[in-house]
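Written out below as structure tokens is the structure these notes cover.
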Amino acid sequence: MAVLRKCARPMLASAFVAGGLSTLRAPERVAPAAEPVAVPVASRVPRLPEDPEQLVRINGAVHVGAGLLLAAGIAPRLAALALAGTLVPTTLAGHAWWKEKDPEQRAQQRTQFLKNVSLMGGLLITAADTHGKPSAAYRARGAAASGRSSARRARRDATHTLRDATHTLRDATGTVRGVTLGATRGATQSVRGAADHVRALPAQAQQAIDKHL
């Protein structure tokens, strides 16, 4: 794929570089055709001149500069996007086939219009090419999915921890109850034994007296 890109990019950029150089050398040839589209666009975009010849020079310079960047593989996605953007007014101004009355001219302009549309499709594909790397949208979706998975794991872990704590608390409560019950029973038995011993003391004392008498 790397070799294919290195070959395809200059091929795609060649038409823009050649056309841009031609426009820079003789802007007066295309200025009249570009005026109906270029002047309204310039009136809506700040800092753009409204002179048709200057506008087509700027367009030609963008074609040459972005075309060379695309051919060299320098910022190819941005260069392809810039070329696609400038191709829209160029196509509408230079190949408005629906305005032609002569059937032959109409057919020729329609063919050129469709060629530019095809070029725009190729440029958009180039602008979306990530060199085999995941796109930003794909990485964002992966990060979101990973975050959701981590949140689910955290909830499961918290639930298990809460259950373990509940079981531990129940075991501790049972132990305390057992110890308390055992201590209570032991104390009761001790008290009973002491009471029995106290009750037996008079009898033992009487026996001791009888022996001495």
Consider only side-chain heavy atoms of I, L, V, M, F, W and Y, link residues closer than 4.5 Å, and tell whether Leu70 and Leu87 are in one cluster. yes

Is there a donor in the side chain of Thr90 and an acceptor in the side chain of Asn116, or the other way round, less than 3.5 Å apart? no

When you measure from the side chain of Ser118 to the backbone N and O of Leu114, does any donor-acceptor pair fall under 3.5 Å? yes

Rounded distance [0.5 Å steps], CG in Leu169 versus CG in Asp164: 12.5 Å

Return the minimal non-hydrogen interatomic distance between Ala31 and Pro52, and the atom names on each side. O-CB, 3.9 Å

Distance in Å, Lys99 NZ paired with Gln109 CD, rounded so as to fall on 0.5 Å steps: 11.0 Å

Kindly say whether the aromatic ring centers of His63 and Phe16 come within a distance under 6.0 Å. yes

Evaluate Glu35 against Leu55 for side-chain contact (heavy atoms from CB on, under 4.5 Å), listing each step before the verdict. CA-CA 9 Å; Glu35 184 175 0; Leu55 289 172; over 6 Å; no

To the nearest 0.5 Å, how far apart are CD in Gln108 and OG1 in Thr111? 7.5 Å

Minimum heavy-atom distance between His95 and Gln112, given as atom pair plus value: ND1-CB, 3.3 Å

To the nearest 0.5 Å, tell me how far Gln105 CD sits from Asp102 CG. 5.5 Å

Same cluster for Leu12 and Leu78 if Ile/Leu/Val/Met/Phe/Trp/Tyr side chains link at under 4.5 Å? no

Can you name the nearest heavy-atom pair linking Met11 to Cys7, along with the distance? CG-O, 3.2 Å

Arg77 and Ala127: which non-hydrogen atoms are nearest, and at how many Å? NE-O, 2.7 Å

Rounded distance [0.5 Å steps], OG1 in Thr23 versus CD in Glu53: 11.5 Å

Exam field: side chain Arg9 to backbone Ala71, donor-acceptor pair closer than 3.5 Å: no

Around atom CD of Glu104, are there more than 12 heavy atoms from other residues, nucleotides or ligands closer than 6.0 Å? no

Find out if a path of hydrophobic residues (ILVMFWY) with successive side-chain heavy-atom gaps under 4.5 Å connects Leu83 to Leu92. yes

Interatomic distance, Leu123 atom CG to Asp129 atom CG [nearest 0.5 angstrom]: 12.5 Å

Quick one: name the residues clustered hydrophobically with Val64, using the 4.5 Å side-chain heavy-atom rule over I, L, V, M, F, W, Y, and just say none if it's on its own. Val17, Leu21, Leu24, Leu68

Heavy-atom closest contact (Ala66 atom, Ala79 atom, distance): O-CB, 3.4 Å

Through direct or indirect side-chain contacts below 4.5 angstrom among Ile, Leu, Val, Met, Phe, Trp and Tyr, which residues connect to Leu69? Ile74

Same apolar cluster (I L V M F W Y, side chains within < 4.5 Å links), Val88/Leu81: no

Report yes or no: do Val62 and Val56 belong to one cluster of Ile/Leu/Val/Met/Phe/Trp/Tyr joined by side chain heavy-atom distances under 4.5 Å? no

